[in-house]
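All residue numbers refer to positions in the sequence shown, counting from 1. When a ligand or atom number is given, it counts from 1 through the structure's own listing order.
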Amino acid sequence: MSPRVDPVLDAALDRDECFIGQIAIRRRPAGFILTHRAEEPSSALQEFHSADDARELARFNDSGKYRPLKTAPNLRHGWLLKLPDIEAIRRALDYFYPGRLAVLLRWKRKELRITPMRQTLERQSGMYRIAAKISDEQLQTVVANLCRSDGGCLRTILWKRDAAGGQASRHLPSQKYDPAVDQTGASAQFIPLLCQEACNLLVNECRKAVRPTSAG
Ligand code: SF4
């Protein structure tokens, strides 16, 4: 059974405004308003009224391109989502940032399983099995390129490179590993987006990094 996530939102929304990734959540007398955090609520924004609308809002960037990584900092602009209560926000955020509230709650309760990168690579099969052959040096470069907060991904990395506790990438700033730091660079009331395990996109980048040197 998935854990209740309301405790996370209850705590974060005790102020009039809070942020999660690129989303601003503002409390209003009749409920809540969500927008891209770079935009203030205004009549110039296209209005939506259902948590389910978040599914489409999260799908494409400003150029209409599909967003395979929902925590990439390329959320589209120009929308305003009016929601009645915290339960509706919870549902909307699960479209914008799938699974992140549940992961955060487990982390706060010290129940979150965090998987070292090497372990994730070792369990790959088929065409991805080769990714485990990546060198430590290559791996740190690939992680820095894909996971960096400025243009890559807004999650905070919790996992280590290997079971010995090696840092995911020495090319990333220490803030990238600190859940107390807002990865957008703003200092505000925010909910961190945590990364407890390397994602499929990162595994695929490792595979691509290995393939040229392992041919034959
Ligand atoms: S591994 Fe985690 S931090 Fe890196 S791109 Fe994937 S989800 Fe983002």
Minimum-distance protein heavy atom relative to [atom]:
atom: atom 2 (Fe) of ligand 1; value: Cys195 SG, 2.3 Å
atom: atom 8 (Fe) of ligand 1; value: Cys153 SG, 2.3 Å
atom: atom 1 (S) of ligand 1; value: Cys199 N, 3.4 Å

**Prompt:** Is the closest heavy atom of Leu202 to ligand 1 under 4.0 Å?
**Reply:** yes
Indicate whether any N or O donor in one side chain lies under 3.5 Å from an N or O acceptor in the other, for Ser169 and Arg148.
no
Is the closest side-chain donor-acceptor distance between Thr71 and Arg100 under 3.5 Å?
->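 Thr71 vs Arg100: no donor-acceptor pair found between side chains.
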Practice task
Flag the pair Ser50 / Phe48 as yes when at least one side-chain heavy-atom distance between them is below 4.5 Å, and no otherwise.
Solution key: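 Counting from C-beta outward, Ser50 and Phe48 never come under 4.5 Å.
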Closest heavy-atom approach to atom 7 (S) of ligand 1 among Arg155, Gln183, Arg100, Gln196 is made by Arg155
| Where do Gly21 and Leu193 come nearest, in terms of heavy atoms and distance? |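 Closest pair (atom of Gly21, atom of Leu193, distance): CA-CD1, 3.7 Å.
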Checking only N/O/S atoms, does Cys147 have one that is under 2.8 Å from atom 4 (Fe) of ligand 1?
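Given the 2.8 Å cut-off, Cys147 counts as a ligand of atom 4 (Fe) of ligand 1.
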For Asp178, look at atom CG and say whether over 12 heavy atoms of other residues, nucleotides or ligands are found less than 6.0 Å away. yes
